[in-house]
Amino acid sequence: MRTHHCGVLRAEDAGRSVALCGWVARRREHGEHLAFVDLRDHTGVVQCVVDGAADLRSEFVVRITGTVRERPEGTTNDQLPTGAIEVGNCSVEILNAAEPPPFPVSDRIEADESVRLRYRYVDLRRSKMQHNLRVRSKVNSAIRHAMERQGFVEIETPMLWTPTPEGAREFLVPSRLQPGRNYVLPQSPQIAKQLLMVGGFDRYFQIARCLRDEDLRADRQFEFMQLDIEAAFTTQEEIHGFIGEAVADATEAISGERPVIETLTWTEAMERFGTDKPDLRFGMELVELTPVFSATGFKAFQAACIKGIRVPGASPDYGRSKLDGLTDRAKSLGAKGLVWMRVAAGGALESPVAKFLSDDEQAALTSTMEAQPGDLLLLVADERRLVQEVLGQLRNDIGRPPVSDGPYRFAWVTEFPMFDGVDDEGHPIAAHHPFTMPHPDDLDLLETDPGKVRSQSYDLVLNGWELGSGSIRIHRSDIQARVFKALGVTDEDAEGRFGFLLGAFRYGAPPHGGFAVGLDRLVAILAGEENIREVIAFPKASSGTDPMTGAPKPVDARVLAGLGLRTLPPST
RNA sequence: GGUCCUGUGGUGCAGUUUGGAGUGCACGCCGGCCUGUCAAGCCGGAGGUCGCGGGUUCAAAUCCCGUCAGGACCGCCA
């Protein structure tokens, strides 16, 4: 049907007879004698010259045959890759007429997202979406090759899985053959892949679809894809190597540059950046100020922890209203307040609270924070974790570059705490999942001080986005029993929820561990997008609905009855 | 569950602060003219429940309340 794609033709193709297919991007008609038709396919646009009236409209689907020729002197278009040539002596075959599109198929104008999603098939014609989904395809391909090269076996796991009431809310699938009973869609292949380890596939991977029925965000959809891996007889370092190879290959395939991956501990990340997913592209690190104010008379600074961030040269940019905005933001994040200080030309600190601080304190503050005239200092005093999180968020709010700004700064964050907070009954809550191996040095703290137990779990972070997480798993039932006990999971509970897994572990489970990389997020960053919807062909809106299909929809009562279900009236 | 932003012909916006006739810009659409344009140009035209409902007012796109939709964030995401 066609001999070439539109966007690939160049001066050296002059003289070639071509047949092109695509959509009418634009047309410029000059009466009955001459018309220019810009024909678009996914490779780009080429100008076709019709001798006569074209009688075409935007987005008509056409096949154009003609001869490539260099454009006449003075009519070339430097803005266009195909701008040196045109297709002449064209004959146009309309394959399908089209109504005017609901919004222009253009990268210049971004239509409202609800309209874009409703007519996604039109939106996907835009070169940005074409590019993004092709980036995604290349990333998948690079990753698959990297894993195969490293001896990993691709194995599919079930989409109809068993409920494991723990962690993310699961999508339920009622059983027709077993009325009243349910499958769930897997929130990840976590347990399945551990069973594959017991099954002797010591290097497994899958580009896996995961489903979680939680509220959506710019970086979260119900459905998302993971590079999911698990390996037996391995170490944390080896797993980092496997994954590092895959994401570096993917990054190189898109950007041409091979990234390095740094490593820092969770504690270090929290102290320096106030988050477990630090964006290493910019400074403004959190500065420890607790010793500076250890003997202060200023009540607001008589706290367990004081830290600050220095915003270089920002003092003139932050008037009273912006500073109030920062204070409100800090309070909304849980801080009692935010202390701001401007560094004046002579180095003096200008702040509503400056008068409460001694000269020595002010001098120590200035030197500790390496404050320069014109800087803005932001300080928070409170419990350590809160101080870290508030300042970490403010650091991002103020300093974080757009996603599309380079470079790609990958980091492993290691030694996460085993537990995070406590549940209603006072039992610690697993920070990762209950099969995570504690740090070997901290095993004995399980019974005495669980809050201090570090785990052998680790996250991969890229430019402030959590790309994924993983861990070395518990493969010994004695350690698993101790962890369950710490979590307050009784033997019966454990048997009911994970019996098949624990059973499998009795039949020769190798030491193993793994990781999962969120591919939507990786692709979004590599495509320079702030929102993963931009790299997903058919995403849901943030309400969880699909503006194109109208899903989710009610179904006929008979369909429900066949599944043993009945809808209740909406609760009030 | 909560906080905030947005909603104005098909599309993108201005108008809302300080109420005064659906007032404006650009694109698109329809018709006409046009033989080298390229975001073609020129002339003419059509197209509106200012998201929806209620209230205040002589008068509401504009102020108030509610609601719906889209988005960002908090909670949530082992």
Side-chain angles (χ1 to χ4, degrees), chain A residues 25-39 45-54 57-59 69 71-80 82-83 86 88 99-119 122-123 164-170 187-188 190-191 210-222 224 325 328-329 331-334 389 393 396-397 416 418-421 423 428-436 455 457 466 469 471 483 487 489 497-498 516 518 530-531 533 540-545 547 571:
Chain A
R26 275 180 300 276
R27 74 218 126 83
R28 295 172 291 281
E29 296 187 73
H30 295 252
E32 298 177 3
H33 303 287
L34 176 68
F36 299 98
V37 176
D38 288 345
L39 187 65
V45 165
V46 68
Q47 171 168 290
C48 302
V49 185
V50 177
D51 300 311
R57 293 290 180 273
S58 288
E59 302 307 316
R69 67 189 184 204
R71 293 194 188 187
E73 188 79 29
T75 64
T76 58
N77 183 347
D78 297 340
Q79 311 293 312
L80 226 53
T82 58
E86 62 191 10
E99 292 179 20
F103 54 90
V105 180
S106 156
D107 288 316
R108 227 160 35 79
I109 296 167
E110 190 90 339
D112 186 79
E113 197 171 355
S114 59
V115 182
R116 291 177 55 208
L117 290 180
R118 181 164 170 205
Y119 302 95
V122 174
D123 191 44
T164 50
E166 176 120 4
R169 192 178 293 114
E170 295 165 322
Q187 45 178 295
S188 82
Q190 179 61 41
I191 293 175
C210 306
L211 298 108
R212 294 179 189 173
D213 188 4
E214 299 287 353
D215 287 7
L216 286 64
R217 285 281 198 287
D219 61 353
R220 277 170 21 198
Q221 284 270 307
F222 288 149
F224 57 99
D328 290 344
R329 174 73 166 151
K331 285 180 178 169
S332 76
L333 294 165
E389 287 173 355
Q393 191 60 57
N396 276 342
D397 289 351
F416 269 69
M418 185 82 183
F419 307 106
D420 186 18
D423 64 19
I429 299 167
H432 188 51
H433 57 62
F435 317 115
T436 302
S455 68
S457 68
E466 181 193 326
S469 59
S471 64
V483 169
L487 289 167
V489 177
R497 290 186 204 172
F498 314 112
E530 308 271 352
N531 194 306
R533 291 190 298 273
K540 303 285 185 290
S542 73
S543 57
T545 59
S571 53

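Below, read A as the first sequence line, B as the second, and so on, with proteins coming before strands; counting in each chain starts at 1. Computed from a predicted model, the values in this text were never measured in an experiment.
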Does any donor-acceptor pair link the side chain of A:R217 with the base of B:G71 at a separation under 3.5 Å? no
According to a strict under-4.0 Å criterion, is A:S543 in side-chain N/O contact with OP1 or OP2 of B:G70? yes
A:P428 to A:L487 - nearest heavy-atom pair and separation: O-CD2, 3.3 Å
Heavy atoms from C-beta onward define the side chain here; which of B:C38, B:C76, B:G12 lies closest to that of A:E214? B:C76
If you only use heavy atoms from C-beta on, which nucleotide in B:G12, B:G31, B:C38 is closest to the side chain of A:D112? B:G12
Which nucleotide, if any, forms a Watson-Crick or G-U wobble pair with B:A61, using both distances under 3.5 Å? none
Could you tell me whether A:P104 contacts a base, only the sugar-phosphate backbone, or nothing, with contacts defined as non-hydrogen atoms closer than 4.0 Å? sugar-phosphate
Would you mind pulling out the nucleotide paired to B:G44, Watson-Crick or G-U wobble, both distances under 3.5 Å? B:C30
Base, sugar-phosphate alone, or nothing: which one does A:E113 contact when heavy atoms must sit under 4.0 Å apart? sugar-phosphate
Among B:C30, B:A72, B:C38, which nucleotide has an atom closest to any side-chain atom of A:L80? B:C38
Minimum-distance pair of heavy atoms, taken over all atoms of A:R329 and A:D397: NE-OD2, 2.7 Å
For a quick test of reading the model: is some side-chain N or O of A:R533 closer than 4.0 Å to OP1 or OP2 of B:A72? yes
Quick one: closest heavy-atom pair of A:F222 and A:K540, and the distance? CD1-CG, 4.2 Å
With both distances under 3.5 Å as the test, what is the Watson-Crick or G-U wobble partner of B:C25? B:G12
Would you check if A:F103 stacks with the base of B:U11, given a 5.5 Å centroid limit and a 30° plane limit, both strict? no
Out of B:C29, B:G70, B:U11, which has the shortest distance to the side chain of A:P100? B:C29
So what does A:R169 hit on the nucleic acid, given a heavy-atom distance under 4.0 Å: a base, only sugar-phosphate, or nothing? nothing
Does any N or O donor sit under 3.5 Å from an N or O acceptor when you compare the side chain of A:E29 with the base of B:U37? no
Using only side-chain N and O atoms of A:N77, determine if any of them is under 4.0 Å from OP1 or OP2 of B:G36. no
Would A:R28 and A:D38 pass as an ion pair if we require N to O under 4.0 Å? yes
Across the strands shown, which category fits A:R116 at heavy-atom distances under 4.0 angstrom: base, sugar-phosphate, nothing? nothing
Using centres under 5.5 Å plus planes under 30 degrees as the test, is A:H30 stacked with B:A40? yes
Which nucleotide, if any, forms a Watson-Crick or G-U wobble pair with B:A69, using both distances under 3.5 Å? B:U6
Taking atom types as they are modelled, is there a donor-acceptor pair under 3.5 Å from the base of B:G36 to the side chain of A:E86? yes
Look at the side chain of A:R71 and decide which nucleotide, out of B:U37, B:C30, B:U11, has an atom nearest to it. B:U37
Test side-chain contact (heavy atoms from CB on, under 4.5 Å) on A:Q187 and A:R169 and set out the steps. CA-CA 8 Å; A:Q187 45 178 295; A:R169 192 178 293 114; over 6 Å; no
Does A:S542 have a side-chain nitrogen or oxygen under 4.0 Å from the phosphate oxygens OP1 or OP2 of B:G71? yes
Between the base of B:G36 and the side chain of A:R69, is there any donor-acceptor pair under 3.5 Å? yes
What nucleic acid atoms does A:A35 come within less than 4.0 Å of, heavy atoms only: base, sugar-phosphate, or nothing? nothing
Could you pick out which residue, A:L333 or A:T545, lies toward the 5' side of RNA chain B when each is mapped onto its nearest nucleotide? A:T545
Which part of the nucleic acid, if any, lies within contact of A:D51, taking any heavy atom under 4.0 Å across all strands shown: a base, the sugar-phosphate backbone alone, or nothing? nothing
Can you tell which of B:G31, B:A39, B:G70 lies closest to the side chain of A:R108? B:A39
Can you tell which of B:G70, B:A72, B:C29 lies closest to the side chain of A:A541? B:G70
Is A:E110 touching bases, backbone alone, or none of the nucleic acid, heavy atoms closer than 4.0 Å? sugar-phosphate
Rounded to whole Å, how long is the line connecting atom CD of A:E99 with atom P of B:G28? 19 Å
Look at the side chain of A:R26 and decide which nucleotide, out of B:U37, B:A40, B:G71, has an atom nearest to it. B:A40
Residue A:R212, side-chain heavy atoms: nucleotide from B:G12, B:C77, B:C38 that is nearest: B:C77
Does A:R28 put a side-chain nitrogen or oxygen below 4.0 Å from OP1 or OP2 of B:U37? no
Using Watson-Crick geometry (N1-N3 plus N6-O4 or O6-N4) or G-U wobble (N1-O2, O6-N3), each under 3.5 Å, B:C76 is paired with none
Any stacking of A:H33 on B:U35, going by centres under 5.5 angstrom and planes within less than 30 degrees? yes
Does the B:C76 base have a donor-acceptor partner in the side chain of A:R220 within less than 3.5 Å? yes
Pairwise 5' ranking along RNA chain B for A:I191 and A:S58, keeping only the more 5' one: A:S58
Looking at A:D215 and B:G75, is any side-chain donor or acceptor paired with a base atom of the opposite kind under 3.5 Å? yes
Listed nucleotide nearest any side-chain atom of A:A168, set B:C77, B:A40, B:G71: B:C77
Euclidean distance, atom CD of residue A:E530 to atom P of B:A72 [Å, nearest integer]: 11 Å
